[in-house]
Amino acid sequence: MPRKEISIPDKIEHISILNEEGELDKALEPDIPEDLLLRLFRAMLLGRKFDERLLNLQRQGRIGTFAPTNGQEAAHLGAAAALLPSDWFVPAFRETAAEIWRGRTLESVIIYYNGFNEGVDIPEDSNDFPVSVPVGSQIIHAVGLAWAARYRQKDDVAMVFFGDGATSEGDFHEGLNFASVFQTPVIFVCQNNHWAISMPRSKQTRSKTLAQKALAYGMPGIQVDGNDILAVYAAAQEAVNRARSGGGPTLIECVTYRMAVHTTADDPKRYRTEEEVEQWKKRDPIIRFQKYLIDKGVLSENKIAGLDSEVEEEIQSAIDRAEAHMKTLGDPIDMFKHTYAEMPPFLKEQKEAFARELAERGEEKNHD
Amino acid sequence: MPRKEISIPDKIEHISILNEEGELDKALEPDIPEDLLLRLFRAMLLGRKFDERLLNLQRQGRIGTFAPTNGQEAAHLGAAAALLPSDWFVPAFRETAAEIWRGRTLESVIIYYNGFNEGVDIPEDSNDFPVSVPVGSQIIHAVGLAWAARYRQKDDVAMVFFGDGATSEGDFHEGLNFASVFQTPVIFVCQNNHWAISMPRSKQTRSKTLAQKALAYGMPGIQVDGNDILAVYAAAQEAVNRARSGGGPTLIECVTYRMAVHTTADDPKRYRTEEEVEQWKKRDPIIRFQKYLIDKGVLSENKIAGLDSEVEEEIQSAIDRAEAHMKTLGDPIDMFKHTYAEMPPFLKEQKEAFARELAERGEEKNHD
Amino acid sequence: MTKMTMVQALNLALRQEMKNDDGVIVMGEDVGVDGGVFRVTDALIDQFGEDRVLDTPLAETAIVGMAIGMAVYGLKPVCEIQFSGFSYQNFHQIENHAARLRWRSQGRFNVPMVMRTPYGGGVRALEHHSESREVYWAHTPGLKMVIPSGPRNARALLVSAIRDPDPVIFYEPKAIYRAFREEVPEKEEVMPIGKSQIVREGGDLTMISYGAMMRPTLEAAAELKEKDGVEAEVIDLLTIAPLDDELFVQSVQKTGRAVVVHEAPRSFGPAAEIITRLMEKAFYYLEVPIERVTGFDINMPLFSREKAYLPDAKRILRAANKVLTT
Amino acid sequence: MTKMTMVQALNLALRQEMKNDDGVIVMGEDVGVDGGVFRVTDALIDQFGEDRVLDTPLAETAIVGMAIGMAVYGLKPVCEIQFSGFSYQNFHQIENHAARLRWRSQGRFNVPMVMRTPYGGGVRALEHHSESREVYWAHTPGLKMVIPSGPRNARALLVSAIRDPDPVIFYEPKAIYRAFREEVPEKEEVMPIGKSQIVREGGDLTMISYGAMMRPTLEAAAELKEKDGVEAEVIDLLTIAPLDDELFVQSVQKTGRAVVVHEAPRSFGPAAEIITRLMEKAFYYLEVPIERVTGFDINMPLFSREKAYLPDAKRILRAANKVLTT
Ligand SMILES: Cc1ncc(C[n+]2csc(CCOP(=O)(O)OP(=O)(O)O)c2C)c(N)n1
Ligand SMILES: Cc1ncc(C[n+]2csc(CCOP(=O)(O)OP(=O)(O)O)c2C)c(N)n1
Ligand SMILES: [Mg+2]
Ligand SMILES: [Mg+2]
């Protein structure tokens, strides 16, 4: 009975399929239909261009604060692409390209970031959650959704997103433990973009990887190159299949990088160097995927140019539609909606008093 | 770049030194002075007998609800014995023998479990926290204490106790992460007694060990036979030394068993079998340690009998003192004490109104 | 009808609702095999199995957070937090999500969950087991907060809470879990959330309370009648939020005098809102200042002094007499 | 004296207290290298180093819990919670421990920590960034709760909060972080916690408010004077708990009329306690019901409607006129 090492059943693996140069590891290449490859590429492009455009709008004062996704498109799109439409999608706030992939309209994003609650506009047949701002708090919701799906004998899975910073929250811990104990079909996707506002990943936790945190729950954990959409897709696919077939949850760490500001209220110059950002420019997920697709012969320079302008038009017309729609969102009294299924008497009194105030004051006390 | 396994620097070890039969692994035997061995044995005995006596008092209605420690003496005493008096000791609520080891009087325990705040009576020169009921919540306090000690260039360490159930709380996760990130001199002692009220360890989490949860924080984690005081002491000593010399925190899982009820309000028959409890009777930490000490020649049957009656007397006189003391703890108005350093005016008004009420009502509105 | 304790009546409510609706899921620490530390969920697991009665790991945030996910899916989770003193662990899940998901999703999702938890003093428990902090929830928009006062209304209100499309915080006054029995019909019975009740009529004085404090309040009312012939009207709030001010406003418009009783700390406590509503809606009827009889602005003392801390009939009588004689 | 924004004034307070006392430790998310998302802790790390200004991992419970341990050791941690909307994550650490350790240890330990956090609307922020929920803390025995209304008092109160031997929740009205400047003396200045202030004298009406709402309240008071010659007495609470009722009671005993203004939701909000104290201590002086001008009992809308939600001078004036003319 000497000191003995305890062997732990779960191992932590790392997957990378397309390297920085866009070179392929043939052995690991996932079998993705051409059509899906192209749709993914377009979605990445759209995500990137939309993000850039939002930044412009923000600088012009045409939208409020938002969280750019630039550089992380492969991480969240690759994961979301492994879902069925009927699966549950639970975002944090930096998965815009994946939200759009799942069906969210561009205009709803613009409207939301203009401070209108109406920017949340989830279709009746969609199982997508609105963005969740309190870091890590949404993780456990996915566990509840997944548990419910299994209870209802549906084979839906739930996928939930969060950042590297979120792994420090108690909610992360409790959520992963519950998922493992109840073996719920849920996929935990951590977008490790190396920063939580000004806090580098290296100071967020001393563990070598975030993926290994899965060991605390007896859960499979895997680290992937998050700028390699094939690797992310492959890992997510595997996790989704495991979950759907009753094999329980998985933690996926996507190693990526936040190329832009944390939000438009942030100034990264205060805490990180240009050199670091430059390093990551070389690892751009879109360029890498594009090279792969060209090499594979499913994409051409010509086609790319076509997609470019198609996507730009799509964005422009969404902006136009959003701006037109926002003009109709006049009534501040709408803020009383949706607090309860039925408005209780005291709230009715407040609403009526507010209506009288509005009437007295005319147009002047209106939304910004 | 194929899928590759990530090697994790920290390993999880298991230590056992005295087996169930009280047989010694000579190679691992810690070098403990005879005097300390005897004091520890006496403390275990006192802990056990006091616990049994408290249970009696509770059944007679002479104290309220409390949490017995029966069977876990080696786990908490062995750990606490590795501390210096000036170190910080942060208990949960099932470390009574260790609290007494650290200097808490038996009567204060009795008074506390009689529902008198005065039962918390921490000497000015003691760095011991009062028991903490909200599971897991005290863990992070130890991190703050340890950080402060290091900041003040003291070489104090902090040791904090909690149960297997506590490892599921977010507070456990956040606390261990902070300790590791800030490399604070703190020792996390988990008394894995296999049950959290009615929840067995096996359903609390799917990880094979609790010790391996340390891997999530890049922290050393070790599992010890918690009914083997030598193993616990050895592991704690090592962790204390590491912490004191700047090597950061350690998680120690002491595998033990809650032999009695969860608290006196609990009925374990509802959720566990007698056979399971019987299994663990054989692993009694006191019997095992006693055999070791007899084998070693530092203890004799005679000496044990002497200790027995000495300890019983000590308990009896503590009960007598406590009961006498409680008669003097009459004044309900004392409940207004210690809310703030200085009593704010509105609270003074409340206290004065209460005093008038008491005066009007005479003795009748008094404590139970 | 059978005479039941509140614990039995709550158990009946759960049992019947679980039978009626297979979406009702009971979850929490020790609610399954153990039947709950107060036995409110006793034997439900035998009848409905492990999939309907979840013994969870020890983590309040996850209990509530998981319930939120389940509720959004369309189930009706009823989660138990073992003592209200440990519900602060999950406060953010309630504030950040349960109370907001309907609004935040513009009505697309809702959270029909119940968070049951025993609260209040009177059972000689350990620290953190005896507080009353209903204001934390009552002040949070989007929540409903219910506190029954006896076996029968506990059962009927719990059924309503489970069926409610919005999240309901259901505080159970543990002091009266087993203190007395009432006839509780086997047949389904519901009571509306958001409605208070007159439990004793009278024209001289209005006494407003809820939960375990109803008993000393009614005791005081009986003594007022007996000793002084005073007819007190006693109102049992039942719902704390949304507060039904209509009934107590009407009553005070009639009596002109009021006493509000609760065990929660006084400052920023529930009585303040009740008194303010009376100020707003019955000011011109008030003969004298309204008195509040409450817990003090201190931590609930350990149990040897809990009786001294808690309002009792005598303390309520003192306040009533003050209101009647000034 | 230099003209400073509130952000600068708070920074000055921290800087000076850190210099005065090497036990003062600043900690929180992004408070170090980044200087805080609002720059309240700007450049402190340059002056005092990483050991005095801790950039912590993203975990509110641990920030507060660690501060509790540090405070018990004898340090004076000032922790920042990035937005008050995320302070519910650590609510249990405050309720279970910070507010109780003095009492629970029978005076052996105390918790001289400050939890600073920006609160309230007005900066066009994201969801969860604009609430006002001071009641959660104010209702909790053992805590103090302070809300400044301008650069100068913010600085002086933060110094007092840091020196206070008990835990202080320090809410910073982010709407006025940079909205205006005031002369702030370089020389140390403190203000007592637990004392409110008359900021405008008058005999016709009492207006009670605090934080960012002081500005519209004073605007309304000025307009009352200008348009109608009404002299409003305006009181700035500064401390919410323990509430200084003496000053506002005296004022209302003089004016007989009062309006209470806050941005927190109305029901069970701070105004209820203020109004109840007035009911208890100035009832016979009241000419008319007291009005409250508050946020509504709904979630704070996203920013396009936050102006509509927040009380402004016009809404306050309506209430004042109602109180003056009934
Ligand atoms: C509970 C909580 N605490 C603090 C914040 C403020 N905040 C917003 S995002 C953020 C950093 C998040 O980092 P990470 O999880 O890595 O996600 P990323 O922003 O990098 O996508 C912080 C501290 C918050 N939104 N929620
Ligand atoms: C936060 C919190 N939740 C729930 C409880 C109720 N409770 C008291 S002890 C306990 C089980 C604790 O189990 P464990 O951590 O294994 O410690 P043990 O009792 O076995 O020593 C529970 C659920 C509590 N005290 N605190
Ligand atoms: Mg990040
Ligand atoms: Mg245990």
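Since we're looking at a predicted model, the values are computed, not measured. Just so it is clear: chains get the letters A, B, ... in the order the sequence lines come, proteins before strands, and each one is counted from 1.
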Is chain C contacted by the side chain of B:Thr339, its backbone, both, or neither, given a heavy-atom distance below 4.5 Å?
side chain
Which of the residues B:Phe66, B:Tyr112, B:Tyr340 is involved in the greatest number of heavy-atom pairs with chain C at under 4.5 angstrom?
B:Tyr112
Heavy-atom pairs under 4.5 Å with chain B are the metric here; pick the option from C:Met300, C:Glu29, C:His128 that has the most.
C:His128
Max heavy-atom pairs within cutoff under 4.5 Å with chain C, candidates B:Asn114, B:Val135, B:Asp334, goes to B:Asn114
Under 6.0 Å from the NZ atom of B:Lys337, do we count more than 12 heavy atoms belonging to anything else shown?
no
Heavy atoms only, distances under 4.5 angstrom: which of B:Val133, B:Asp266, B:Thr205, B:Asn117 has the most pairs with chain C? Name it, please.
B:Asn117
If we count only N and O atoms by modelled type, under 3.5 Å, do the side chains of B:Gln72 and B:Asn193 hold a donor and an acceptor together?
yes
Which atoms of B:Ile197 are under 4.5 Å from chain C, going by heavy atoms: the side chain, the backbone, both sets, or neither?
both
Ignoring hydrogens and geometry beyond distance, is a side-chain donor-acceptor pair present between C:Glu95 and C:Thr140 at under 3.5 Å?
no
Chain C contact via B:Phe93 - side chain, backbone, both or neither, heavy atoms under 4.5 Å
neither
Contact part of C:Leu126 toward chain B, heavy-atom cut-off under 4.5 Å: side chain, backbone, both or neither?
side chain
Polar side chain donor-acceptor pair, B:Thr209 to B:Gln212, under 3.5 angstrom
yes
Using non-hydrogen atoms only, which part of C:Phe86 is less than 4.5 Å away from chain B: side chain, backbone, both, or neither?
side chain
Which region of C:Glu60, side chain (C-beta onward) or backbone (N, CA, C, O), has a non-hydrogen atom less than 4.5 Å from a non-hydrogen atom of chain B, or is it both or neither?
both
Flag the pair B:Phe354 / C:Tyr309 as yes when their ring centroid distance falls below 6.0 Å, and as no otherwise.
no
For B:Phe172, run the ring pair (Phe, Tyr, Trp, His ring centres under 6.0 Å) check against B:Phe188, B:Phe162, B:Phe178 and tell me which one passes.
B:Phe162
Answer with side chain, backbone, both or neither: which region of C:Val33 has an atom nearer than 4.5 Å to a non-hydrogen atom of chain B?
both
If only side-chain N and O atoms count, and only distance matters, is there a donor-acceptor pair under 3.5 Å linking C:Asp30 with B:Ser198?
yes
Have B:Tyr271 and B:Trp195 got a donor and an acceptor in their side chains that come within less than 3.5 Å?
no
Report, as yes or no, whether the 6.0 Å neighbourhood of atom CD on B:Gln60 holds more than 12 heavy atoms from other residues, nucleotides or ligands.
yes
If I measure from the heavy atoms of chain C, does B:Glu349 come under 4.5 Å with its side chain, its backbone, both, or neither?
neither
Is B:Arg201 in contact with chain C via its backbone, its side chain, both, or neither, using a 4.5 Å heavy-atom distance?
neither
